[in-house]
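Encoded as structure tokens, the structure appears first; notes follow it.
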Amino acid sequence: MSDINTGFPLLTMTAAVPAVGAILTAAVPAARRTAAKWLALLVSLVTLVLAAVVMIRFEPGGDRYQLVESHSWIKDFGVRYELGVDGIGVALIALTALLIPFVILAGWHDADPLETKSSRWRPTQGFFALILMVEAMVILSFEATDVFLFYILFEAMLIPMYFLIGGFGDRAHAGSDENAAAQRSYAAVKFLLYNLVGGLIMLAAVIGLYVVAGNFSLTEIAEARASGQLEMATNTERLLFLGFFFAFAVKAPLWPLHTWLPNAMGEATAPVAVLITAVVDKVGTFAMLRFCLQLFPEASKWATPVIIALALVSIVYGALLAVGQRDIKRLVAYASISHFGFIIMGIFAMTTQGQSGATLYMVNHGISTAALMLVAGFLISRRGSRLIADYGGVQKVAPVLAGTFLIGGLATLSLPGLAPFVSEFLVLVGTFARYPVAGIIATTGIVLAALYTLVLYQRTMTGPVKTEEIRTMPDLRVRELVVVAPLIALLIFLGVFPKPLTDIVNPAVNHTMSDVQQKDPQPEVEAAK
């Protein structure tokens with residue numbers, strides 16, 4: 001393939017701006033912490049504008065991959081700097097760029113120095129620089145159409161996330177500073193090791209794919225496979241699929257590879273927890289659609305029954321453990337495991353409704369989890385505790401905080417009228433059309449979601465005011481309202497009018513269905529007598 005230059009490198013700029021912004025933020029003098037915060041926020045807003053331009057420039061009815069950039073990189077190995085976006089990538093780039101300004105605002109004081117020994121691990125400039133670097137890598141991973149380039153980004157984003165979890169942990173940790181530091185270190189190392197093991201297995205599969213195909217270009221390999229010019233032996237395709245899928249299932253996370261997530265989200269600050277589950281983890285489910293189904297269609301269909309079963313376990317198991325949690329942040333983490341089960345089930349249901357619902361679920365879960373977790377973070381910072389038992393009667397002293405917490409919780413349980421309902425409904429309809437038993441079992445997750453959400457609200461927000469700390473608790477401040485209000489508005493808007501997203505996503509889903517040579521099951525209707 002010759003070099004392609006479509007004019008202004010818009011896709012490169014969406015990732016380059018936060019990457020350069022991260023370097024500039026880290027270089028701000030130590031005494032200018034406030035300047036570093038404002039610089040990081042400005043960079044994230046510029047990135048959001050560029051992501052909006054990508055959405056505007058993207059034509060849903062046009063070519064599958066648009067705004068393409070392709071340049072030779074490591075010529076001897078056939079590695080190219082190759083970018084392009086389909087509707088799914090556009091939606092997730094928009095989600096990432098949208099959430100990062102709210103993450104920065106919510107974490108405005110999370111890295112301010114403390115008068116303790118651990119203060120040296122909280123350089124403000126480093127905290128915000130790491131967030132911007134994660135944004136750059138995640139956005140570029142949604143754009144990469146060279147498998148080797150994607151692999152590098154897939155692994156590289158672990159480094160800033162490791163430091164964000166281990167170096168900037170939750171200040172509301174029960175126990176001594178030494179115990180808190182040990183818990184953060186454990187969570188960060190567990191996160192890194194799980195994802196590194198997945199990445200190493202994926203690297204072996206990437207090398208195997210190159211041996212079979214002779215290049216790393218997703219589009220060229222997919223076209224060769226579709227035209228019959230590239231054939232893979234059945235066992236080879238299945239092994240390569242498993243190598244890719246394992247890494248994506250760790251990142252997603254899918255049961256039983258999920259155990260790093262509750263530790264990471266529990267020990268991280270609330271904004272970093274949002275970064276983990278609403279942004280970084282979406283790379284795993286996105287990659288299942290882009291790489292597993294497109295490169296290995298037959299192996300994807302071969303593995304579908306097992307993957308559906310694992311997704312069902314994730315749905316029910318995650319929800320059951322959420323019901324029994326005593327820690328607010330770990331409850332949200334287990335709820336996310338359940339939600340990722342719905343997403344993966346929708347992807348491998350191999351129906352247009354299921355895959356459209358799964359893609360919408362990625363976006364809507366990102367918004368709803370961000371809303372719930374960030375409000376929970378504001379609540380925890382006021383009381384200084386993550387334990388549900390330490391709360392009660394909050395709605396009497398902080399009604400706005402309680403109200404936004406309720407809406408975020410109702411979105412998590414997919415209440416009709418809020419955005420996640422549309423995506424969850426589509427996933428269930430799409431799954432039931434091909435796997436009716438799986439669709440019925442998955443509805444258990446909806447019942448359990450209502451249970452853990454409403455019990456959480458009842459125990460924290462209703463009843464008598466328990467302690468003096470709650471009695472004097474302030475309501476949401478202006479900065480916090482600026483964070484929460486747009487997310488609540490988006491949940492309502494996309495709940496009643498999801499068409500802007502479905503118009504972008506559906507053509508890409510149709511391409512994916514064509515890759516795996518699947519058509520939607522037709523309903524059986526008895527002929528009229």
Side-chain angles (χ1 to χ4, degrees), residues 102-103 105-110 170-175 265-266 268-271 273-274 319 322-336 367-421 447-492 495:
F102 299 126
V103 166
L105 276 173
W108 200 252
H109 298 298
D110 284 357
D170 189 359
R171 294 178 177 178
H173 195 291
M265 288 184 65
T269 64
V274 169
V323 171
Q325 287 304 304
R326 297 181 296 172
D327 183 308
I328 297 174
K329 291 168 69 178
R330 289 178 70 90
L331 185 152
V332 178
Y334 280 109
S336 290
I367 299 171
S368 62
T369 299
L372 181 61
M373 179 59 83
L374 292 179
V375 176
F378 299 149
L379 178 68
I380 291 167
S381 66
R382 286 159 163 75
R383 177 66 178 83
S385 173
R386 305 192 321 235
L387 298 178
I388 296 172
D390 289 340
Y391 294 87
V394 174
Q395 68 180 12
K396 294 181 179 179
V397 297
V400 177
L401 188 155
T404 53
F405 189 82
L406 177 61
I407 295 174
L410 293 176
T412 298
L413 65 82
S414 299
L415 183 76
L418 297 175
F421 169 76
V447 178
L448 292 173
L451 179 61
Y452 63 68
T453 300
L454 296 177
V455 168
L456 172 65
Y457 183 83
Q458 179 204 15
R459 291 178 178 175
T460 55
M461 301 295 165
T462 64
V465 177
K466 280 191 173 183
T467 64
E468 187 61 28
E469 291 91 342
I470 294 176
R471 193 177 306 280
T472 58
M473 182 179 290
D475 213 334
L476 291 182
R477 302 178 178 92
V478 173
R479 173 179 59 85
E480 295 165 339
L481 283 171
V482 170
V483 171
V484 176
L487 296 175
I488 298 298
L490 267 175
L491 288 174
I492 297 171

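Both backbone and side-chain heavy atoms feed into the values below; hydrogens, waters and symmetry mates do not.
With rounding to the nearest 0.5 Å, the separation of CZ in Arg382 from OG1 in Thr472 is 11.0 Å. Of the inter-residue distances, the one linking Tyr457 atom OH with Ile407 atom CD1 reads 10.0 Å to the nearest 0.5 angstrom. Note that the CG atom of Asp327 and the CZ atom of Arg386 stand 4.5 Å from one another [nearest 0.5 Å]. To the nearest 0.5 Å, the span separating OH on Tyr391 from CG on Leu379 amounts to 4.5 Å. If you take CG on Leu372 and OG1 on Thr404, they are separated by 9.5 Å, rounding to the nearest 0.5 Å. Taken to the nearest 0.5 Å, the CG atom of Leu374 stands 10.0 Å off from the OG1 atom of Thr369.
Taking each heavy atom of Leu410 and Thr453 in turn, the nearest pair found is N-CG2, 4.2 Å. Shortest non-hydrogen contact noted between Ser368 and Ala411 is CB-CB, 3.8 Å. The two residues Ala450 and Leu413 come nearest to each other via the heavy atoms CA-CD2, 3.9 Å. Between Ala376 and Ile328, the shortest heavy-atom distance links the atoms CB-CG2, 3.9 Å. The two residues Val483 and Ala106 come nearest to each other via the heavy atoms CG2-N, 3.9 Å. In this structure, Ile488 and Gly408 approach most closely via the heavy-atom pair CD1-N, 4.4 Å.
The closest side-chain heavy-atom distance from Thr460 to Phe405 is below 4.5 Å. When side chains are defined from C-beta on, Met461 counts as touching Leu401, because their heavy atoms get closer than 4.5 Å. Put simply, the side chain of Asp475 reaches to within 4.5 Å of the side chain of Pro399, judged on heavy atoms. No side-chain heavy atom of Gln395 sits less than 4.5 Å from a side-chain heavy atom of Leu406. Contact annotation: the side chain of Pro271 approaches that of Asp110 to within less than 4.5 Å [non-hydrogen atoms, C-beta and beyond]. Between Phe102 and Val274 there is no side-chain heavy-atom pair separated by less than 4.5 Å. Between Pro420 and Leu491 the shortest side-chain heavy-atom distance falls below 4.5 Å. Using a 4.5 Å heavy-atom cutoff, the side chains of Glu469 and Asp390 are not in contact.
The closest donor-acceptor contact from the side chain of Arg383 to the backbone of Ile470 lies at 3.5 Å or more, if one exists at all.
Side-chain atoms of Gln325 and Tyr452 form no donor-acceptor pair, as typed in the model, at a separation below 3.5 Å.
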Leu105 and Trp108: CA distance, side-chain angles, deciding distance, side-chain contact (heavy atoms from CB on, under 4.5 Å) verdict: CA-CA 5 Å; Leu105 276 173; Trp108 200 252; 4.2 Å; yes
Stepwise side-chain contact (heavy atoms from CB on, under 4.5 Å) test for Lys329 and Met373: CA-CA 7 Å; Lys329 291 168 69 178; Met373 179 59 83; 3.9 Å; yes
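Heavy-atom neighbours of Arg479 CZ from other residues, nucleotides or ligands within 6.0 Å: above the threshold of 12.
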